[in-house]
Amino acid sequence: MADVAICGADDEKRDNGQRVSTVGSRLETRDYWHTIMASRISRRDLARAGCAALMLTASGRPGQNAHAAGPAQGTQPNAHSWHPGLFPEMIVKSWFQEDLAEGEVGSWRSGGVKPVAAVQAEPSLCPTKLPNNGGVLFEKGTKQALTWPADNDAPYLHRWWLVIARCDSAANADAKNVSVLCVNGAEGGSVHRQPRVCFRPSIGTFVSQVDDGKIKSEEGKCSTDFGGWNVMVGYRRGFVMQAVVNGVKTAGQTIYALAPNRMKSQSFMGDVNNPMRADVAIDCVIIGQSELDDSLIDMLIGWGMWRVGRQSDLPNDHPYRQIPPLSVDANNKPARYAFDSASWESWAAIGNERYAHRGEAAPPIRGYTTVFFDDFESNTVVDDSKGAQASIWYAPSSLANVGVDANAQRISASPSSYVHDTANHTLALRLLYKGRWRTGAFSSVNNNGQGRCWGKGIFEIRARFPKIAAPRPGFFPAFWAYGREHLFWRTRNRLETDFWEYDGLNGAYINISQHVHKPTLGYADPHIAPHGIHRKIAGYPVDPSNGFPATIDIYDGEFHTWYAQIEDDYSYFVIDGWEVARVPTSPELAAKKYIMVDFAYDQNKGRAQPDPSQTYDMVIDYIRVRQSETDLARVPPGFSALPTLSGRASPSQALTVVPNVIASQIECLWYRDGVPIVSNTGTGYEPGSRDIGHKIRCHVRAVSLLGQPEAWTPESETVR
């Protein structure tokens, strides 16, 4: 707590060379400390945030060249004003100029849930912290830079970034790209923008970039005077990347999955590749996780513009032009999974009650509607690096290692592990040998979380496996799901539900499990399980000894049908119409989830070696998701009513969605009797000849609102 002692030891402090009293701000500061403690921020970040609050209260206007705020702009931020540190789990890395002493900067330690030190060992390449809150200066004509190691988790972690910087653009009007920040970019090339921020003096813009295989740039007009700070918030949300520069939002553009960095290319502020083309000073850099809603983006921009005294330059309709953001609201606290050990133990304690009805005919399915159905009329699997918004399955997504002793390969690999039968409308995941064992695996989202997810409902698959007598190789197929949250919150538990998995030891032995995995990043929160825990829902042979009319051994070369029915009270697990188990529906089972399917090979789960001259297929007939009509009829928060369709359900007649939600960004997915229509993601759809005899509906997700609420239109009339 040494930093705290430095900030709070005296009644008076110096700011910009002047002696100012802090006694009057101490009551406000005490409340501020209480808020920070409640948020469980780290001790170092706590000290830094407290110092920043005292500086803001004492100085009135941070930043060497901040414009004075007039009466029309309200009072300056004080100790209990809103600021990004009030929700520390959102911040991955953060650098603030007030953390540094004046003079040469050889190391700039970040805050955040994954802190790093941006360093420079060569004194001649060190930037300079300017006096009077002038920022960290990277001088023209030098390769001054601060670097930190590559981060393979950047595609998941780096969802938004706030940068406050200034550039001497007016004196360098011929310069095209003046570097400020680049994550994973020290090796040059286009694929290391996760993200990149730069100035373009030649056109007077501040630029945000990422790379999803192609460089995507969003830019806005900025101050060309070196005396003017500029505030940018760049972000990825759904299938769109946008930026807000000094309060003005860019048009945005479609973005797909970012790939992990495999070149171990360092990140940097300044420029390690080329001499700086103009002087640049950085006030702060914040990189965050989660998908921001519009309200929080407004708060970040408002906070940044007030921080540098440019609030009067915000657009007239900006909510924080007259006053800064002052308090935390629900938008600062998006819902996240909270582990409850008592609830988990209570659910897990049901014992053999789960088997009270095993071997009996499953309860009839009533009151459900098919919202997703893929019978593989075509091959609907795409490479995870190329899949678009309307894509159905991504391969292998984050599942490259799921094959255990077989590598899960992309669909573009040759020979392919994704074999489509056009006559029978099936898709086979093929285990084959090419130097080593290879296999197929796919997911309903790509590795950045873009795609299709569901909460409660019925998750069903019909598939067959090779007809092969014991002893068998270590086949290890599974139909399972992950909770979507871990892709956006790397500090949160990863939820896994194994609807079923089998091994090669016993083809009749079904395994159904629920797992709460530890987070990718540790974070101190009582609602996060720091270690993985799991509970087996069912694990036994499906045979007469367990109440079934006959043995169901999946290696019989016949199709079998499995489903998990997750309802409000109970969840049921069924094979071929026979109940396997039922358990109370836990929060883990009800969580929003994405489907995964794989045909793995684990040599420890069999008693024979596979024949390298042969191939082994998991043949999938269909996958279906049904949801209850009661759930579909609920109007979610943010919607004034369920979305509706206008127009006629007839070929060459347009159907149009009336969203009934006010949101700057919505995503639309269209379905024909539950079958995804992959050709359209707009708010309008024109039925064609393939739609005749079917009903159309649209799924609407309000991506820019808190919690990203979603709803379905009713089905159209039958297309005629």
Side-chain angles (χ1 to χ4, degrees), residues 91-95 107-121 125 127 136 138 143-163 165 177-199 206-219 232-237 241 243 253 255-274 276 280 282 284-291 384-386 397-398 400 446-450 487-488 490-491 520-521:
I91 298 175
V92 176
K93 300 176 178 69
S94 61
W95 293 268
S107 179
W108 194 359
R109 181 77 179 175
S110 83
V113 296
K114 195 174 184 181
V116 295
V119 300
Q120 178 54 257
L125 300 180
V136 179
F138 299 82
K143 287 188 178 181
Q144 289 183 343
L146 297 170
T147 68
W148 61 96
D151 192 337
N152 281 348
D153 221 22
Y156 304 94
L157 277 169
H158 298 180
R159 299 285 178 168
W160 60 270
W161 43 97
L162 181 148
V163 179
N177 291 292
V178 180
S179 177
V180 178
L181 165 74
C182 192
V183 174
N184 298 347
E187 298 299 323
S190 62
V191 297
H192 308 294
R193 287 169 165 83
Q194 299 180 341
R196 180 186 184 228
V197 174
C198 65
F199 285 98
F206 200 15
V207 185
S208 176
Q209 294 181 330
V210 291
D211 190 291
D212 64 353
K214 295 182 179 179
I215 299 172
K216 303 294 177 66
S217 295
E218 292 292 303
E219 54 196 280
M232 170 199 287
V233 174
Y235 56 95
R236 295 187 288 134
R237 190 172 62 190
M241 189 271 283
Q253 60 188 298
I255 186 168
Y256 305 118
L258 274 64
N261 172 40
R262 295 182 175 86
M263 291 185 65
K264 306 301 180 186
S265 184
Q266 285 187 316
S267 305
F268 58 88
M269 285 181 272
D271 201 336
V272 300
N273 295 317
N274 303 288
M276 296 289 293
V280 166
I282 296 176
C284 72
V285 171
I286 305 174
I287 300 175
Q289 62 177 341
S290 83
E291 290 190 311
D384 56 357
S385 61
K386 297 178 181 178
S397 189
S398 57
N446 62 24
N447 67 343
N448 284 188
Q450 299 167 317
L487 295 172
F488 302 90
R490 306 300 272 172
T491 45
T520 300
L521 291 177

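It should be emphasised that the depicted structure is a prediction, and the values quoted were computed from it without experimental measurement.
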Side chain to side chain, Lys114 and Asp153, heavy atoms closer than 4.5 Å =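 Yes. Closest side-chain heavy atoms under 4.5 Å.
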Side chains of Tyr256 and Asn448: closer than 4.5 Å at any heavy-atom pair?
->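 Side chain of Tyr256 against side chain of Asn448, heavy atoms only: no contact under 4.5 Å found.
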Look at the side chain of [X] and the backbone N and O of [Y], then say whether any donor-acceptor pair between them is shorter than 3.5 Å.
X	Y	answer
Trp108	Trp95	no
Asp212	Ile215	no
Ser267	Asn184	yes
Asp271	Asn274	yes
Gln450	Ile255	yes
Glu218	Tyr235	no
Arg193	Ser217	no
Ser179	Cys198	no
Gln289	Arg490	yes
Trp161	Ile286	no

To the closest 0.5 Å, what do you measure between [atom1] ([X]) and [atom2] ([Y])?
X	Y	atom1	atom2	answer
Lys143	Gln120	NZ	CD	11.5 Å
Thr491	Leu157	OG1	CG	8.5 Å
Lys216	Arg236	NZ	CZ	11.5 Å
Cys182	Phe268	SG	CZ	4.5 Å
Arg159	Arg237	CZ	CZ	12.5 Å
Ile287	Ile91	CD1	CD1	11.0 Å

Picking from Ile282, Val285, Val207, what satisfies side chain to side chain contact (heavy atoms under 4.5 Å, CB included) with Val180?
->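 Exactly one pass, corresponding to Ile282.
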Determine the minimum heavy-atom distance between Gly234 and Ser208, stating which atoms define it.
->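 Looking at all heavy atoms of both residues, the shortest contact is CA-OG, 4.1 Å.
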Stepwise side-chain contact (heavy atoms from CB on, under 4.5 Å) test for Met232 and Leu181 = CA-CA 12 Å; Met232 170 199 287; Leu181 165 74; over 6 Å; no
With Asp151 as reference, evaluate Lys93, Gln194, Gln266 under the side chain to side chain donor-acceptor pair (under 3.5 Å) test and give the passing residue.
->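 The passing option is Lys93.
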